[in-house]
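Heads up: the structure comes next, in structure tokens.
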Amino acid sequence: MAKGFVAINVERCKGCGFCVEFCPTRVLTLSSAFNTKGYHPPNVMAAEKCSGCDLCGMYCPDFAIFGARYAR
Amino acid sequence: MSEQTLEIPCNIPADAVNPVEPFLRMDRMPHIWCPGCGIGTTVNCFTRALIDSHANLDKVAIVSGIGCTGRVAGYANLDSFHTTHGRAIPFATGLKLANPELQVVVYSGDGDLFAIGGNHFIHAARRNMDLKVICVNNLTYAMTGGQTAPTTPSKVISATNPYGVFEPAFNLVALAEAAGASYVARWTTFHVKQLSRSMEEVLRKKGFCFIEVISPCPTLYQRRNKMGDGLDTMKYYKQASKIRHGAPTAECDLTKSGEIVVGKFVDRDRPSYFEMLNSQMTETLGDRYAEPEVMCEQC
């Protein structure tokens, strides 16, 4: 059971790849699909590994992704 | 590939909101910053610092100058003002003097704060005016097309120096310390946690505080110098930066591809502008002097 979740606003993404590179538990991968502006947004590859640390949200320059822990 | 790859397989609570969104004017999104630009990352850190410091948002004002980083004032959903080029600090000084209860944050770029506004910066630091200056340093004039800025390191190719920059660059942290700032720190956009903690410290500290944030400019600086994109620059920051708190700022010069010394260099207490004003006036005028009061009904 994952401790946290990651939410992605696909259309706001500009495909810089910061979240994919710096996710400490390697939850994300760059998708091969395009968004409407032609960028490759990230895709959740291993949702069960997400710790909800929100590091992706702190790195994202486009405010397109964030993580949070599930309320207990 | 099919649309299905974009579906997110984890359970997102319906009320989950990006923590940065309450601090932004969402009608202005998406912003104009390039893919891989680090300014958005610094905005994330600033909002986390505002959350963690429990600052009263009605009493926080952001002042920006002109440039890519100058857009922050337009995107932040706080009391914000986008001033003329280089005049962010004079405007902020006036704001602080008129209403000393305000927490005034100057959020601007290196070209704005140190090229056209360089004089204002050193004098605000000398007076120890109670301002929090966050300088996003992308080492070039990004909005106008990548010309040589006072912070561009030597050997770098820029629009106005196609054979390489030969002028020595400003060392911003040394400049701030020499001019008299109370708090001086430098981070890169890779150090998000440290940067946000530093911003939080600054929001609690009195006096002139300065944080330099080294940020990638993939479109104009990195591309022209064949240094890759924003992600490659972030990897370079991760590999080349060295945290040395309290290091002598004179040794913290930036080079094209050398080591980046980051950390908190100066944290000292000096009498602020208001304290110096009040003590001098009380000494000279005695009972005839009354401390200025905030007259605004709403404050």
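Below, read A as the first sequence line, B as the second, and so on, with proteins coming before strands; counting in each chain starts at 1. Below, each value reflects all heavy atoms present in this structure, side chains not excepted, and no hydrogens, waters or symmetry copies.
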Where on [X] is there a heavy atom nearer than 4.5 Å to chain A: the side chain, the backbone, both, or neither?
X       : value
V20(B)  : side chain
C45(B)  : both
T189(B) : backbone
L24(B)  : side chain

If I take atom [atom1] from residue [X] and atom [atom2] from residue [Y], how far apart are they, to the nearest 0.5 angstrom?
X      : Y       : atom1 : atom2 : answer
N9(A)  : M29(B)  : CG    : CE    : 11.5 Å
F18(A) : T233(B) : CZ    : OG1   : 7.5 Å
C34(B) : K14(A)  : SG    : NZ    : 7.5 Å
M58(A) : H191(B) : CE    : NE2   : 13.0 Å

Exercise. Can you see which heavy atom on K37(A) is nearest to which on P30(B), and at what distance?
Key: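 The pair with the smallest heavy-atom distance is NZ-CG, 3.4 Å.
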
Quiz item: Taking all atoms of both residues into account, what is the closest heavy-atom pair of F63(A) and G40(B), and its distance?
Solution: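 It is CE2-O, 3.6 Å.
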
Quiz prompt | Contacts with chain A made by residues 224-232 of chain B (heavy-atom distance under 4.5 Å), listed by residue number | solution =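 At a heavy-atom separation under 4.5 Å, chain A is reached by G230(B), L231(B).
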
Please examine the side chains of [Y] and [X], heavy atoms only from C-beta on, and report whether any two atoms are closer than 4.5 Å.
X      : Y       : answer
P61(A) : W33(B)  : no
R48(B) : D54(A)  : yes
C16(A) : M234(B) : no

Quiz prompt | Contact origin within L55(A) toward chain B - heavy atom pairs under 4.5 Å | solution =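 Looking at L55(A), just its side chain touches chain B.
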
Quiz item: Take atom CZ in R28(B); do more than 12 heavy atoms of anything else shown fall under 6.0 Å from it?
Solution: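 No, CZ of R28(B) has 12 or fewer neighbouring heavy atoms, counting only those of other groups under 6.0 Å.
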
Self-check item: Sidechain-backbone polar pair: Y59(A) side chain, F190(B) backbone, donor-acceptor under 3.5 Å
Solution: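 Flag set: sc Y59(A) to bb F190(B) pair under 3.5 Å.
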
Practice problem: Name the option with the most non-hydrogen atom pairs under 4.5 Å to chain B; the candidates are A2(A), A68(A), C60(A). | Solution: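 The residue among A2(A), A68(A), C60(A) with the greatest pair count is C60(A).
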
Self-check item: Contact leader toward chain B among G15(A), G57(A), C50(A), where contacts are heavy-atom pairs under 4.5 Å
Solution: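 Sorted descending by pairs with chain B, the first entry is G57(A).
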
